[in-house]
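Heavy atoms only: backbone and side chains are in, while hydrogens, waters and symmetry mates are out. What you are looking at is a predicted structure, and each value in this text was computed from that prediction instead of being measured.
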Amino acid sequence: QVQLVESGGGLVQAGGSLRLSCAASARSFSGYDISWFRQAPGKEREFVSIIRWDGGSTYYVDSVKGRFTNSVDTAKDTVYLQMSSLKPEDTAVYYCAARESGRYFHTRLTDYHYWGQGTQVTVSS
């Protein structure tokens with residue numbers, strides 16, 4: 001089983017940037033898809049972005065396209081979510097999650113077996 005450890009959250013002003021990290025432990029990301037979800041106060045957890053373990057494919061929800069970039073360092077077994085041009089509405093707890101790679105990307109919470117502990121991102125206006 002893969003275990004996920006997140007880091008990199010914090011407080012930033014609108015327009016600023018943050019980089020989140022999701023590191024694999026116990027085993028590597030090889031053969032997995034890694035997604036980012038977020039949950040704002042009072043709202044349901046929502047899908048943000050996904051990347052295949054080798055970095056070959058990515059997908060983003062429309063609200064973050066052009067602002068967020070998902071990448072993977074296979075040597076470090078770490079996935080990064082670079083977030084730029086942050087907006088107050090990006091404020092949420094961000095989670096990384098993993099599942100075994102398949103033919104298609106999956107974006108539902110229930111499709112994921114492994115989750116990180118979450119990291120808080122707060123964007124002030």
Side-chain angles (χ1 to χ4, degrees):
Q1 294 184 349
V2 64
Q3 296 177 0
L4 309 177
V5 180
E6 300 178 39
S7 60
L11 173 64
V12 64
Q13 288 187 333
S17 299
L18 279 175
R19 189 179 75 163
L20 307 183
S21 300
C22 176
S25 64
R27 61 150 291 166
S28 77
F29 276 138
S30 177
Y32 284 78
D33 292 333
I34 302 95
S35 283
W36 292 94
F37 290 81
R38 65 185 180 185
Q39 187 166 19
K43 295 187 177 181
E44 294 185 352
R45 195 172 300 187
E46 65 176 2
F47 171 82
V48 175
S49 179
I50 186 171
I51 188 167
R52 188 131 293 171
W53 66 273
D54 61 359
S57 300
T58 57
Y59 174 76
Y60 303 88
V61 294
D62 287 345
S63 60
V64 306
K65 279 182 183 176
R67 300 190 298 121
F68 289 12
T69 302
N70 217 342
S71 63
V72 61
D73 185 332
T74 54
K76 295 182 179 180
D77 272 318
T78 300
V79 170
Y80 301 100
L81 185 68
Q82 178 67 48
M83 306 184 295
S84 302
S85 301
L86 283 162
K87 305 175 182 180
E89 51 263 44
D90 295 317
T91 295
V93 178
Y94 283 70
Y95 300 88
C96 63
R99 58 163 285 139
E100 291 82 1
S101 295
R103 184 173 182 179
Y104 303 105
F105 278 155
H106 294 262
T107 62
R108 299 180 305 177
L109 276 71
T110 53
D111 291 330
Y112 286 81
H113 314 301
Y114 310 108
W115 289 85
Q117 80 281 8
T119 186
Q120 177 71 46
V121 171
T122 303
V123 184
S124 63
S125 57

Any side-chain heavy atom of [X] within less than 4.5 Å of one from [Y]?
{"X": "H113", "Y": "Q1", "result": "no"}
{"X": "R52", "Y": "S101", "result": "yes"}
{"X": "F47", "Y": "H106", "result": "no"}
{"X": "V79", "Y": "L81", "result": "no"}
{"X": "W115", "Y": "R45", "result": "yes"}
{"X": "T91", "Y": "Q120", "result": "yes"}
{"X": "T119", "Y": "L20", "result": "yes"}

Testing the basics here: between [X] and [Y], what is the closest heavy-atom pair and its distance to 0.1 Å?
{"X": "A14", "Y": "S125", "value": "CB-CA, 4.4 Å"}
{"X": "A98", "Y": "V2", "value": "CB-CG1, 4.1 Å"}
{"X": "Y95", "Y": "G116", "value": "CD2-O, 3.8 Å"}
{"X": "A92", "Y": "A40", "value": "CB-N, 3.7 Å"}
{"X": "S35", "Y": "I50", "value": "OG-CG1, 3.1 Å"}

Return all side-chain donor-acceptor pairs below 3.5 angstrom for residues 53-64, not counting sequence neighbours, or 'none' if the list is empty.
{"unit_1": "D54", "atom_1": "OD1", "unit_2": "G56", "atom_2": "N", "d": "2.9"}
{"unit_1": "Y60", "atom_1": "OH", "unit_2": "N70", "atom_2": "N", "d": "2.7"}
{"unit_1": "D62", "atom_1": "OD1", "unit_2": "K65", "atom_2": "NZ", "d": "3.1"}

Set of side chain to side chain donor-acceptor pair (under 3.5 Å) partners for Q117, sequence neighbours left out
none

Do any pairs count as a disulfide bond (SG atoms under 2.5 Å apart) and have a residue in residues 74-125, sequence neighbours left out, and if so which ones?
C22-C96

Please lay out, stage by stage, how W36 and M83 fare under the test side-chain contact (heavy atoms from CB on, under 4.5 Å).
CA-CA 12 Å; W36 292 94; M83 306 184 295; over 6 Å; no

Under 3.5 Å: donor-acceptor pair, side chain of D77, backbone of F29
yes

Looking only at atom types and distance, does a side-chain atom of S30 sit under 3.5 Å from a main-chain N or O of S28, one as donor and one as acceptor?
no

Any side-chain donor paired with an acceptor under 3.5 Å for Y112 and R99?
no

Evaluate the ring planes of Y94 and F68, with Trp represented by its six-membered ring, and classify them as parallel (under 30°), tilted (30 to 60°) or perpendicular (over 60°).
tilted

Would you sort out whether E100 and Y114 count as a side-chain contact (heavy atoms from CB on, under 4.5 Å), showing the intermediate values?
CA-CA 10 Å; E100 291 82 1; Y114 310 108; 3.8 Å; yes

To the nearest 0.5 Å, what is the distance between [atom1] ([X]) and [atom2] ([Y])?
{"X": "S84", "Y": "L18", "atom1": "OG", "atom2": "CG", "result": "9.0 Å"}
{"X": "D90", "Y": "R67", "atom1": "CG", "atom2": "CZ", "result": "4.0 Å"}
{"X": "D33", "Y": "T107", "atom1": "CG", "atom2": "OG1", "result": "11.5 Å"}

Does R19 make a cation-pi contact with Y80, if we ask for NZ or CZ under 6.0 Å from the ring centre and within 45° of the axis?
yes

